[in-house]
Amino acid sequence: MKKSITLFATAMLCGAAFAAANDALISFSTKGPDKYADGTAVLDGECYALVWTPTASAGAVVAADGSVQGGEIVLTAPVAKNGRCPKVVFEVDAGLVSSRYKDGSWSVYLLDTRRYGEGGAVSLAGLSGGHATVVNASGLVSGSTVRFADSNGQMAGIASLSGVSAASETAVPEGTPRPEIVGIRVEGANVFVTVKGTVPYLQYDLATGDAPTDVSEKANVPHCGAESVDEEVTFVTPVKPGPTFFKVNRK
């Protein structure tokens, strides 16, 4: 009996014929166009997560570090192409179906794993240990919940009828430090704001205002957090006329 869970890309569907007779095969895809919360199309290589939730769970809550509460991310597939999720077939070992995943339900989420760097550069965070390292937001694929009929499993198809949006901001893991502004300096036409206490699984941006009680205007200079809370991150924004106050928030 196989001890692992295997992902078969669409181009390898012929391999499904060699699966054990009682393994469960779950296929999922989206019709697109799938979008981020800001309305832009998902980047090629963006991630979709196959999530299992036990019967007693109130629902899965995806966190910014790629973990999930109230369920389990069984597969994170970085497969987005041309603004949608192409067909993916996932084989779940029969032993796991009859034990660990005997009850509960399955669903698919679109993840927003974008990271922001210097000069507004955008990249995807990638995976570590099979899970996304950064998740800004997520979106449930409509109509994606299915159940296994019995211990032998069943062929379950999951597909959205319309485009998916990753619009729900992820939860911040407990114990995440609060960022702190440790330096502000003006160099020519720009203000350099230095921040400590960031984490790599969150994206940050500055907010500005002309009074301490009204610091709400986004500077739109997003940046991913540092690898260490002691490492500094510097945000650069144009100088504005008059007094300006700054805050650093999650993007």
> Should Val236 and Ile181 be regarded as members of a common hydrophobic cluster, given that ILVMFWY residues are connected when their side-chain heavy atoms come within less than 4.5 Å of each other, either directly or indirectly?
Replying inline: no
> For Thr170, what residues pass the side chain to side chain donor-acceptor pair (under 3.5 Å) criterion, not counting sequence neighbours?
Replying inline: Arg250
>> Which Ile, Leu, Val, Met, Phe, Trp or Tyr residues join Phe245 in one cluster when any pair of side-chain heavy atoms under 4.5 Å counts as a link?
In response: Val215
> Transitively linked via ILVMFWY side-chain contacts under 4.5 Å: Val199 with Val68?
Replying inline: no
> In Å, rounded to the nearest 0.5 Å, how long is the span from CG of Leu124 to CG of Leu111?
Replying inline: 11.0 Å
> Could you give the distance from OG (Ser165) to CG (Leu140), rounded to the nearest 0.5 Å?
Replying inline: 11.5 Å
> How many angstroms lie between CZ in Phe235 and CZ in Phe246, if you round to the nearest 0.5 Å?
Replying inline: 12.0 Å
>> Does anything in residues 118-128 form a side chain to side chain donor-acceptor pair (under 3.5 Å)? List the pairs, not counting sequence neighbours.
In response: Glu118-His223
>> To check you understand the geometry: which heavy-atom pair defines the closest contact between Pro78 and Gly45, and what is its length?
In response: CB-O, 3.4 Å
> Who are the side chain to side chain donor-acceptor pair (under 3.5 Å) partners of Thr237, not counting sequence neighbours?
Replying inline: none
> Taking C-beta and beyond as the side chain, do Val92 and Tyr101 meet within less than 4.5 Å on heavy atoms?
Replying inline: yes
> Which pair of heavy atoms, one from Ile73 and one from Gly66, lies closest together, and at what distance?
Replying inline: CD1-O, 3.6 Å
> When rounded to the nearest 0.5 angstrom, what distance separates CZ in Arg114 from OG1 in Thr40?
Replying inline: 4.5 Å
> Going hydrophobic residue to hydrophobic residue with side-chain gaps under 4.5 angstrom, can you get from Val182 over to Val248?
Replying inline: no
> Within the distance-only criterion (no hydrogens, no angle test), does the side chain of Ser138 pair as donor or acceptor with the backbone N or O of Ala166 below 3.5 angstrom?
Replying inline: no
>> Tell me which pairs pass salt bridge (charged side-chain N to carboxylate O under 4.0 Å, His left out) where either residue lies in residues 199-225, with sequence neighbours left out.
In response: Glu217-Lys240
> What closest approach, in Å, do Val42 and Tyr36 show between heavy atoms, and which atom pair accounts for it?
Replying inline: CA-CE1, 3.5 Å
> Is there a path from Val62 to Leu127 through hydrophobic residues (I, L, V, M, F, W, Y) whose side chains come within less than 4.5 Å of each other?
Replying inline: no
>> Using the rule given for side-chain contact (heavy atoms from CB on, under 4.5 Å), can you reason through Val191 versus Thr244, listing the C-alpha separation, both sets of side-chain angles and the distance that settles it, and then say yes or no?
In response: CA-CA 10 Å; Val191 181; Thr244 304; over 6 Å; no
> What's the spacing between Phe192 CZ and Thr234 OG1 if we round to 0.5 Å?
Replying inline: 8.0 Å
> Can you find a pair of side-chain heavy atoms, one from Pro173 and one from Tyr201, that are under 4.5 Å apart?
Replying inline: yes
> Could you walk me through whether Tyr48 and Asp34 pass the side-chain hydrogen bond (donor to acceptor under 3.5 Å, both in side chains) check?
Replying inline: CA-CA 11 Å; Tyr48 295 82; Asp34 299 343; 2.6 Å; yes
> When you measure from the side chain of Arg115 to the backbone N and O of Pro200, does any donor-acceptor pair fall under 3.5 Å?
Replying inline: yes
> Is it the case that one hydrophobic cluster holds both Val221 and Tyr116, taking links as side-chain heavy atoms less than 4.5 Å apart, direct or via other members?
Replying inline: no
> Is there a side-chain contact between Phe90 and Leu50, using heavy atoms and a 4.5 Å cut-off?
Replying inline: yes
> What residue pairs, at least two apart or across chains, pass salt bridge (charged side-chain N to carboxylate O under 4.0 Å, His left out) with a residue in residues 178-197?
Replying inline: Arg185-Glu187
> How far does CZ of Arg84 sit from OG of Ser29, to the nearest 0.5 angstrom?
Replying inline: 6.0 Å
> Closest heavy-atom contact between Ala64 and Leu202?
Replying inline: CB-CD2, 3.4 Å
> Step by step, would you call Trp106 with Ile26 a side-chain contact (heavy atoms from CB on, under 4.5 Å)?
Replying inline: CA-CA 9 Å; Trp106 296 84; Ile26 300 177; 3.8 Å; yes
>> Minimum heavy-atom separation for Thr198 and Ala226, please, with both atom names.
In response: OG1-N, 2.9 Å
> Which atom pair, heavy atoms only, marks the closest approach of Thr113 to Asn136?
Replying inline: C-ND2, 4.1 Å
> Would you say Leu43 and Val122 make side-chain contact, with heavy atoms under 4.5 Å?
Replying inline: yes
